[in-house]
Amino acid sequence: MAGLLRTHYCGELRPAHAGQEVALAGWVRTVRDHGGLLFLDLRDRSGVVQVVFHPGRGEEADLFRQAQELRAEYVVLVRGKVSMRPPGRANPALPSGEVEVIPSYLEVLAPSLVPPFEVDGRAEPDESLRLRYRYLDLRRPVMLERLGFRHRAVKAVRDFLDSRGFWEVETPALTRSTPEGARDYLVPSRVQPGHFYALPQSPQLFKQLLMVAGVDRYFQIARCFRDEDLRADRQPEFTQIDLEMAFVDEEDVLTVMEEMLGHVFRTCLGVELELPFPRLSWDEAMDRFGTDKPDLRLPWEIRDLSDLAARTEFRIFRDALAEGGTVRGLRLPGIALTRREIDALTAEIASLGGRGLAWLAWEDGGQVRGSVARFLGGDAPAWRERLAAGPGDTVLISAGPLQVVRRVLGFLRTRVAEEKEAVREPGWRFLWVVGFPLLEWNEEEGRWQAEHHPFTSPLEEHLPLLETDPGKVRARCYDLVLNGEELGSGSIRIHRRDLQERVFRAIGITPEEARERFGFLLEAFAYGAPPHGGFALGLDRLLMLMVGAPSMRDVIAFPKTARAACLLTGAPAPVSPAQLAELHLRLAIPSTRGH
RNA sequence: GGAGGCGUGGUGUAGCUGGUUUAACACACCUGCCUGUCACGCAGGAGAUCGCGGGUUCGAAUCCCGUCGCUUCCGCCA
């Protein structure tokens with residue numbers, strides 16, 4: 001269609017173009033037919049410009065009659081002259097609003113059915129309709145703008161990493177099923193009956209192999225697949241900014257990530273991020289905020305009240321402490337809760353293991369009230385001081401095992417803020433959370449497992465604990481959090497075969513299993529692996545936050561629904577018996593429908 | 001796997017404590033009129049048996065059960 005000779009985008013016309021002959025192509029946004037005068041709003045991805053048709057005589061009259069046939073979303077070609085609008089007729093709401101186009105030629109390149117929803121309408125159609133007609137949904141200026149933003153952000157990432165000596169390397173999409181982690185998407189092999197590929201959950205192992213290969217600095221805008229249930233911020237396929245560096249320690253990786261994000265925010269949003277990002281140890285994050293991804297825009301913090309609680313006669317507190325637990329409180333500054341609200345919250349925390357919720361509140365006069373107020377006795381001022389509580393504040397108190405108390409108060413922190421629409425401080429509050437436990441106890445399977453992944457290096461000084469007290473070992477890993485959303489994680493990897501085998505042993509992977517599952521990696525490490533570390537950042541999540549979209553689906557061109565379906569193509573869908581046979585597959589679907 | 005929300009002309013909503021509607025409103029659509037609009041305006045028109053199935057009832061968009069779809073959260077997501 002190069003012969004169309006489009007000369008300009010609609011949205012870029014300005015007074016400077018006045019007098020020029022232009023050729024525009026785009027979609028009809030609206031036609032305002034005044035009978036003796038007709039306005040056409042022509043739209044392309046750059047925006048809108050107004051084209052004015054006069055009835056006149058001869059050719060002009062033909063053009064006018066043609067224009068009267070135009071309908072929304074017709075694709076048209078317009079040639080004409082850019083002209084200043086008459087005095088007082090400019091539209092300040094439109095970037096091109098000072099000019100208009102006087103046409104000399106009009107051609108319908110393609111008509112359109114009446115669209116199933118108004119592309120430029122005020123109302124946002126139901127999301128399933130948007131997804132079914134995604135190409136029309138994406139035609140909406142907000143959505144096109146988001147796609148453009150995504151392009152610019154990815155370009156900024158590439159430019160930055162290139163400038164720092166990173167090479168972009170592609171890794172396989174058809175790979176081996178990984179033993180731990182999320183459920184894999186499997187692809188059956190036709191050539192090898194009964195064997196399967198898995199789509200990668202991340203390029204983790206390959207990037208480590210690239211380090212062994214001497215690539216030194218690798219990155220990839222990598223598609224990752226995880227067959228788990230979806231959320232507003234979780235899709236079965238998503239994109240990571242994946243990178244790995246050889247001969248580095250934590251500081252190198254964190255600095256590169258900070259500078260990369262600084263570059264992206266500067267180029268895409270014109271925002272200057274404050275570097276470096278603050279860091280919090282995992283233990284401190286859990287103690288102060290009850291979560292490993294605290295939203296720092298919310299200043300509320302958790303306080304340990306165990307010593308004070310020990311002096312009360314309150315059974316629940318004393319029992320919790322006697323069993324080795326803790327008593328902690330969360331102050332809600334200036335927030336009053338009704339009994340009913342507290343009951344509702346108590347019910348909600350039951351699923352987190354919280355058996356009850358105590359509370360205190362301070363009156364204007366300074367007197368304390370609440371479910372445990374009568375147990376404070378002479379210690380009331382000490383409680384108040386510890387919590388820094390003042391009139392109008394409510395404090396929620398949880399007692400029990402440390403893990404449960406953290407989880408409960410961490411949950412309440414965001415839950416109440418949401419409910420009460422507590423004001424969050426504005427801004428981009430990045431945070432590094434470092435020093436996660438290397439291992440976590442899997443209650444169900446009765447064994448230790450990797451908290452991050454099994455290739456994460458333990459802290460050197462914790463190595464002796466690996467066999468004696470695995471839960472105490474901290475890892476050389478780091479999570480990046482933005483406004484309470486986990487953006488990604490990374491670590492310094494194990495590069496010595498002996499240590500890798502010790503970690504495998506700690507998580508109950510026998511040498512035989514290790515060889516079976518990761519033999520290729522262990523073997524590679526036997527041939528001179530450099531110390532290395534890296535990071536993987538969730539691109540979709542980052543973009544969602546940057547553009548202020550409520551869901552990751554809004555920054556992905558063709559996303560899946562909560563049931564992992566594509567409403568546009570109808571995927572997933574059945575395949576023919578012939579296809580199954582070719583793949584040596586037979587279906588075993590239990591007949592659940594009893595009619 | 002569990003819990004909640006939503007489903008009404010093409011679109012977005014109202015109606016939903018059962019019977020005063022012939023299911024309403026806005027936008028879109030169709031016809032006509034209109035020379036400066038830009039969410040153009042005016043007049044007229046067409047269009048929904050209320051996701052689907054079953055039940056309760058004299059009577060169901062409205063109540064109940066099931067089911068499907070979308071969605072939010074928990075579990076899950078090394």
Side-chain angles (χ1 to χ4, degrees), chain A residues 29-43 48-56 64 71-73 85-94 96-97 100 113-133 136 178-184 201-202 204-205 224-236 238 347-353 407 411 414-415 418 436 438-440 442 444 448-456 475 477 486 489 491 503 507 509 517-518 536 538 550-551 553 560-563 565 567 592-595:
Chain A
R29 182 171 80 155
T30 52
V31 176
R32 293 180 294 277
D33 183 355
H34 289 223
L37 184 67
L38 184 148
F39 300 98
L40 160 67
D41 282 355
L42 192 62
R43 182 192 63 225
V48 170
V49 73
Q50 174 168 280
V51 184
V52 191
F53 293 83
H54 295 272
F64 189 85
R71 294 295 180 267
E73 304 310 321
R85 292 193 184 189
R89 303 298 180 192
N91 182 359
L94 213 58
S96 67
E100 58 195 7
L113 296 174
V114 175
F117 55 85
E118 290 164 69
V119 170
D120 252 347
R122 304 137 267 240
E124 178 148 308
D126 184 77
E127 191 164 5
S128 54
L129 198 68
R130 290 174 54 199
L131 292 176
R132 173 139 169 255
Y133 297 96
L136 294 179
T178 50
E180 307 215 2
R183 197 175 293 116
D184 282 320
Q201 296 180 22
S202 80
Q204 184 62 36
L205 298 177
C224 304
F225 305 86
R226 295 178 188 176
D227 187 6
E228 298 292 347
D229 285 348
L230 290 81
R231 289 284 190 286
D233 61 355
R234 267 163 45 185
Q235 283 274 308
F238 62 100
E348 276 191 80
I349 60 167
S351 62
L352 304 176
R407 206 186 306 144
F411 167 81
T414 44
R415 188 79 184 82
E418 229 168 75
F436 279 69
L438 181 74
L439 307 170
E440 64 182 343
N442 184 321
E444 269 170 50
W448 292 97
Q449 65 180 39
E451 159 88 27
H452 182 55
H453 59 55
F455 318 108
T456 301
C477 71
E486 185 193 326
S489 58
S491 64
V503 170
I507 58 178
I509 297 182
R517 297 161 159 185
F518 309 111
S551 158
R553 296 185 295 275
K560 308 252 183 320
T561 69
R563 290 189 63 243
L567 297 181
T592 48
R593 309 265 146 79
H595 47 236

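This one's a predicted model, so the numbers in the text were calculated from it and none came from an experiment. Proteins get letters first, then strands, A, B, ... in listed order; numbering begins at 1 in each. Side-chain atoms are counted along with the backbone in the values below, which use heavy atoms only and exclude waters and symmetry mates.
- Closest to the His54(A) side chain, of the nucleotides U35(B), G12(B), C70(B), is U35(B).
- Rounded to whole angstrom, the span from the CG atom of Asn91(A) across to the P atom of U37(B) amounts to 11 Å.
- Within 6.0 Å of atom CZ in Arg415(A), more than 12 heavy atoms from other residues, nucleotides or ligands are found, so the atom counts as buried in its surroundings.
- For the pair Glu73(A) CD and A28(B) C1', the computed distance is 12 Å after rounding to whole Å.
- Counting only heavy atoms from C-beta outward, the side chains of Val51(A) and Phe39(A) never approach each other to under 4.5 Å.
- Separation of the P atoms belonging to C42(B) and C25(B) is 15 Å when rounded to the nearest angstrom.
- Using a 4.0 Å heavy-atom distance criterion, Ala90(A) is classed as a base contact.
- Pair assignment for A3(B) gives U72(B), based on Watson-Crick or G-U wobble hydrogen-bonding distances that are each under 3.5 Å.
- Residues Arg234(A) and Glu228(A) are not paired through a salt bridge, judged by the lack of any N-O separation under 4.0 Å between the basic side chain and the carboxylate.
- Under the stacking criterion of a centre-to-centre distance below 5.5 angstrom and an interplanar angle below 30°, Phe39(A) sits stacked against the six-membered ring of U37(B).
- Contacts of Leu129(A) with the nucleic acid, taken as non-hydrogen atoms under 4.0 Å apart, involve only primed sugar atoms and P, OP1 or OP2.
- A gap of 25 Å separates the P atoms of U72(B) and C65(B), to the nearest Å.
- A donor-acceptor contact under 3.5 Å is not formed by the side chain of Arg130(A) with the base of U11(B).
- Comparing atom distances between the Glu100(A) side chain and each of C76(B), U71(B), U37(B) picks out U37(B) as nearest.
- Under the 4.5 Å side-chain criterion, counting only non-hydrogen atoms from C-beta, Glu348(A) is in contact with Phe411(A).
- Pro86(A) comes within contact range of at least one nucleobase, with a heavy-atom separation under 4.0 Å.
- Of the side-chain N and O atoms in Thr561(A), one or more sit less than 4.0 angstrom from OP1 or OP2 of C70(B).
- In this structure, C50(B) makes no Watson-Crick or G-U wobble pair, since no nucleotide meets both defining distances under 3.5 angstrom.
- Within 4.0 Å (heavy atoms only), Gln201(A) reaches no atom of the nucleic acid at all.
- At the heavy-atom level, Arg85(A) lies under 4.0 Å from base atoms of the strands shown.
- Atom P of C40(B) sits at a distance of 7 Å from the matching atom of A28(B), rounded to the whole Å.
- In terms of polar N and O atoms assigned as donor or acceptor, the side chain of Arg29(A) never comes within less than 3.5 Å of the base of C38(B) in a complementary pairing.
- Classification of Arg29(A) and Glu118(A) as a salt-bridged pair fails, no side-chain N sitting under 4.0 Å from a carboxylate O.
- Using a cutoff of 4.0 Å between basic side-chain nitrogens and carboxylate oxygens, Glu100(A) and Arg89(A) are not scored as salt-bridged.
- Only the C1' atoms considered, U8(B) is 11 Å distant from U49(B), to the nearest whole Å.
- Summarising the geometry, the separation between CZ on Phe53(A) and P on U37(B) is reported as 18 Å, rounded to the nearest angstrom.
- Comparing U17(B) with U62(B), their C1' atoms are spaced 10 Å from each other, to the whole Å.
- In this structure, Leu38(A) reaches neither bases nor backbone, as no heavy-atom distance under 4.0 Å exists between it and the strands shown.
- You'll find the side chain of Leu136(A) reaches within 4.5 Å of the side chain of Pro116(A), heavy atoms only.
- Stacking annotation: His34(A) is not stacked on the base of U35(B) (requires ring centroids less than 5.5 angstrom apart and an interplanar angle below 30 degrees).
- If you check G36(B), C77(B), C38(B) against the side chain of Arg32(A), the one that comes closest is C38(B).
- For the pair Asp126(A) and Pro55(A), nearest-nucleotide mapping onto RNA chain B gives the more 5' position to Asp126(A).
- For the C1' atoms, the distance linking U71(B) with U31(B) amounts to 40 Å, nearest Å.
- Taking every side-chain heavy atom of Arg563(A) into account, G69(B) is the closest of G69(B), G12(B), C77(B).
- Per the geometry, CZ belonging to Phe117(A) stands 16 Å off C1' belonging to C29(B), to the nearest Å.
- Remark: the Arg231(A) side chain and the G75(B) base include a donor-acceptor N/O pair separated by less than 3.5 Å.
- You'll find a donor-acceptor pair under 3.5 Å spanning the side chain of Asp229(A) and the base of G75(B), going by distance alone.
- Rounded to an integer number of Å, the gap from Leu136(A) CG to A28(B) P is 17 Å.
- At the heavy-atom level, Thr456(A) lies nowhere under 4.0 Å from the strands shown.
- Between Arg183(A) and Gln201(A), the side chains place no donor N or O within less than 3.5 Å of an acceptor N or O (distance only, hydrogens not considered).
- A donor N or O paired with an acceptor N or O is not found under 3.5 Å between the base of C77(B) and the side-chain atoms of Arg226(A).
- The shortest side-chain heavy-atom distance between Asn91(A) and Gln50(A) does not fall under the 4.5 Å cut-off.
- Rounded to a whole angstrom, the distance from the C1' atom of C16(B) to that of A61(B) is 7 Å.
- Glu127(A) contributes no side-chain N or O that forms a donor-acceptor pair with the base of G69(B) under 3.5 Å.
- For Arg415(A) and C73(B), a side-chain-to-base donor-acceptor distance below 3.5 Å is absent, hydrogens and geometry of angles not being considered.
- Taking atom P on both nucleotides, A14(B) is separated from A26(B) by 16 Å, rounded to a whole Å.
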Reading nucleotides 41-48 of chain B from the 5' end, what letters show protein touch, with B for base, S for backbone sugar-phosphate only, - for no heavy atom under 4.0 Å?
--------

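- At whole-Å resolution of the value, CZ in Arg71(A) and C1' in G10(B) are 16 Å apart.
- At a threshold of 4.0 angstrom between heavy atoms, the contacts of Arg132(A) with the nucleic acid are absent.
- The residue among Glu118(A) and Gly88(A) whose nearest nucleotide of RNA chain B is located toward the 5' end is Glu118(A).
- Going from atom CD of Glu228(A) over to atom P of C74(B) covers 14 Å, rounded to whole Å.
- Side-chain contact check for Arg130(A) and Ser128(A): no donor-acceptor pair (N or O, by modelled atom type) lies under 3.5 Å.
- In a base pair of the Watson-Crick type (N1 to N3 plus N6-O4 or O6-N4) or a G-U wobble (N1-O2 and O6-N3), with each distance short of 3.5 Å, C16(B) is matched with no nucleotide.
- One can place CG of Leu42(A) at 14 Å from C1' of C38(B), the figure rounded to the nearest angstrom.
- Atoms OG and CZ, from Ser202(A) and Phe238(A) in turn, are 8.0 Å apart once rounded to the nearest 0.5 Å.
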